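A quick write-up on the structure given underneath.
All of these numbers come straight from a predicted model, not from anything done at the bench. Reckoned from all heavy atoms, side chains included, excluding hydrogens, waters and symmetry mates.
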Amino acid sequence: MKKSAIITLALSASLLSACSNTSASSSKTKQVLNWFSAGEISTMDPALSNDVYGGEQLDATMEGLVRLGNNSKILPGIAKSWKESKDGMTWTFNLRKNAKWSNGEALTAKDFVYAWRRQVNPKTASTQSNKYSGIKNADAIVASKKPVPSLGIKAVGKYKLVVTLERKIPYFQLLLAGSAFAPQNQKFIEKAGKKYGTAAKYTLSDGPFVMKGWTGSNLTWKLVKNKYYWDKKNVKLTKINFSVQKSQSTSYNLYQVGKLDMTTLSASQSKSLKNQKGWQIKKSNRTQYLMYNFKTDKNLRNVNLRGAIAAAINKESLAKTLNLADIAATSLTPSGITDPVTGKEFSKEVVTKQTKAIQSGTKAQAKAYYKKALKELGKKQITIKLLGDDTDDAKKATEFIQSALESTLGMKVEVTNMPFKNRFAREEAGDFDVILDGWSGDYTDPNTFLEMFQKTNVNNYGSWENAAYNKAMETSKTTTSSKKRWSALVKAEHILLTQQGVTPLYYSNTATLINPKVKNITLKGAGLAYNFKGAYISK
């Protein structure tokens, strides 16, 4: 999930421990949480959402076949049980008979069939369709080579679902926990038409909470407890008030006066507050990077120019400028993802002397790359346009990058910062040269980062293309050998780094203050979003 969230690999059992008697501690306390989002919601349509801000709301309001608990533990969701065939190619899910939509309608297997077919239907133009790769006929359907009904999903009666794969998917159950695989109500969507997901009244939930008050452009809304949720007895919060806060000083001031129960912290704030009760580090499976547009700016197609940009940016200094928890990136795939067979750290396997010379290069190396680029391009100076969000962190990052490139290389950098919703719209339209971007992995596997930059992936907004990279990624998806799959993924990322298809900047972790009275709040799966289902306010 992007931008996202947009969004842990080494999570503790919970960010804030729960008391032994949840009901007793919370029954007499007002169960209203005040939270914030760092950016605007672009959509609440699970087929079109591709950012952490909307993703967090979808995680709280939608539920798929399974849920993710601490450390990505698979928990029952709408499916109360399931069975995998011996060859791993067929999955059978038994659904709950008491699952309902937030309008009171029964939720059945046909809602999953409709949702999944809608996701892969080329007419939907889903940003999530790539995640279905490996499910029978999904790729062919997305490519308009096979009919939508041929997708490998079948409802057997009202409460049984059978899914057929083309190949074993190591992270299949992790995928199912995401909103991209949540059910959708055909009747509701067809009635809403193009308005579906554009405002709270055009959304329908099957998860713990229901969205209220979001008009599609406003900066405040709320999530209220879903009275039809099958497990409502274990949902303690009655309401979560959300507001968009882009300034860390503003959110901290609101936290201080009790109007917010959580605030993120800048590097300077974190230094002075890290001993305060409620200080936490949110570890996220997320990397921030520079994405280049290979269509709009011919100069950026030059590998030495991209190498010069990468080497000129001191990743260590950038990370320290933004947040005490951020870590300088040496790879696209963040630290913490390990080979399930050997236990080796993926991000360390892809680093070589060649990638270090680019990612952690000196000013002298940066200048050498730039000199080569200018000669090859027949230029005396290069000007680039850098686009970023208007949050505090994004502004600091774009200012840092601008200063580094201008002072080290003599390059001219024109910076534009704008609201996330507008910035993301430009990204999707390909209306940028260089963009400060990021990706939050949907699951703890290198594929969630690397598949984005395959030629046909919907998230490859910069249109980077490399034949050897595409071949390595296809090998990783088709081989039946775990060893060969891992080696292919390592090869793919090495190609990406040496070519600087994108320039990884830092692994994004966040220092936060959370009201000590907020209990049992955890991070969902890979650290994309907070899990509010079991949270409560203590006395």
Show every salt bridge (Lys or Arg N to Asp or Glu O under 4.0 Å) that has at least one partner inside residues 355-380, sequence neighbours left out.
none
Quiz question: by atom type and distance under 3.5 Å, do the side chains of S266 and S268 form a donor-acceptor pair?
yes
Only one of N299, T296, N293 passes side-chain hydrogen bond (donor to acceptor under 3.5 Å, both in side chains) with D433; say which it is.
T296
Got a sec, which residues hit side chain to side chain donor-acceptor pair (under 3.5 Å) with S251, two or more places apart in sequence or on another chain?
T263
Assign the ring pair W116 / Y132 to parallel, tilted or perpendicular, where the plane angle (0 to 90°) is split at 30° and 60°.
perpendicular
Mind checking whether W221 and F242 have parallel, tilted or perpendicular rings, split at 30° and 60°?
parallel
Heavy atoms of A319 and A328 approach each other most closely as CB-N, 4.0 Å
Just grab all the salt bridge (Lys or Arg N to Asp or Glu O under 4.0 Å) pairs involving residues 245-255, residues at least two apart or on different chains.
E40-K246, K246-D390
For K455, the salt bridge (Lys or Arg N to Asp or Glu O under 4.0 Å) test, sequence neighbours excluded, returns E465
Could you work out, with salt bridge (Lys or Arg N to Asp or Glu O under 4.0 Å) as the rule, every residue matching D389, not counting sequence neighbours?
R423
Would K282 count as a cation-pi partner of Y530, with NZ or CZ less than 6.0 Å from the six-membered ring centre and within 45° of the ring normal?
yes
Mind running side-chain hydrogen bond (donor to acceptor under 3.5 Å, both in side chains) on N459 and N50 for me, showing each step along the way?
CA-CA 9 Å; N459 296 297; N50 205 23; 2.5 Å; yes
Minimum heavy-atom distance F400-S317, with the two atoms named
CZ-CB, 3.7 Å
Salt bridge (Lys or Arg N to Asp or Glu O under 4.0 Å) contacts in which one or both residues fall within residues 116-128, not counting sequence neighbours:
D45-R118
R67: which residues meet the salt bridge (Lys or Arg N to Asp or Glu O under 4.0 Å) condition with it, sequence neighbours left out?
E63
Hey, could you give me each pair passing salt bridge (Lys or Arg N to Asp or Glu O under 4.0 Å) that has a residue in residues 485-508? Not counting sequence neighbours.
D445-R485
Note, Y507 side chain near T330 side chain (heavy atom, < 4.5 Å):
yes
Partner residues of R167 under the salt bridge (Lys or Arg N to Asp or Glu O under 4.0 Å) criterion, sequence neighbours left out
none
Sequence-distant partners of Y292, ring pair (Phe, Tyr, Trp, His ring centres under 6.0 Å), two or more places apart:
none
Can you sort out the partners of Y469 under side chain to side chain donor-acceptor pair (under 3.5 Å), two or more places apart, ordered by chain and number?
none
Among pairs that include at least one residue of residues 472-502, which meet ring-ring contact (aromatic ring centres under 6.0 Å, His included), considering only residues two or more places apart or in two chains?
F346-W486
Looking at every heavy atom in both I281 and A325, which two are closest together, and how far apart are they?
CD1-CB, 3.6 Å
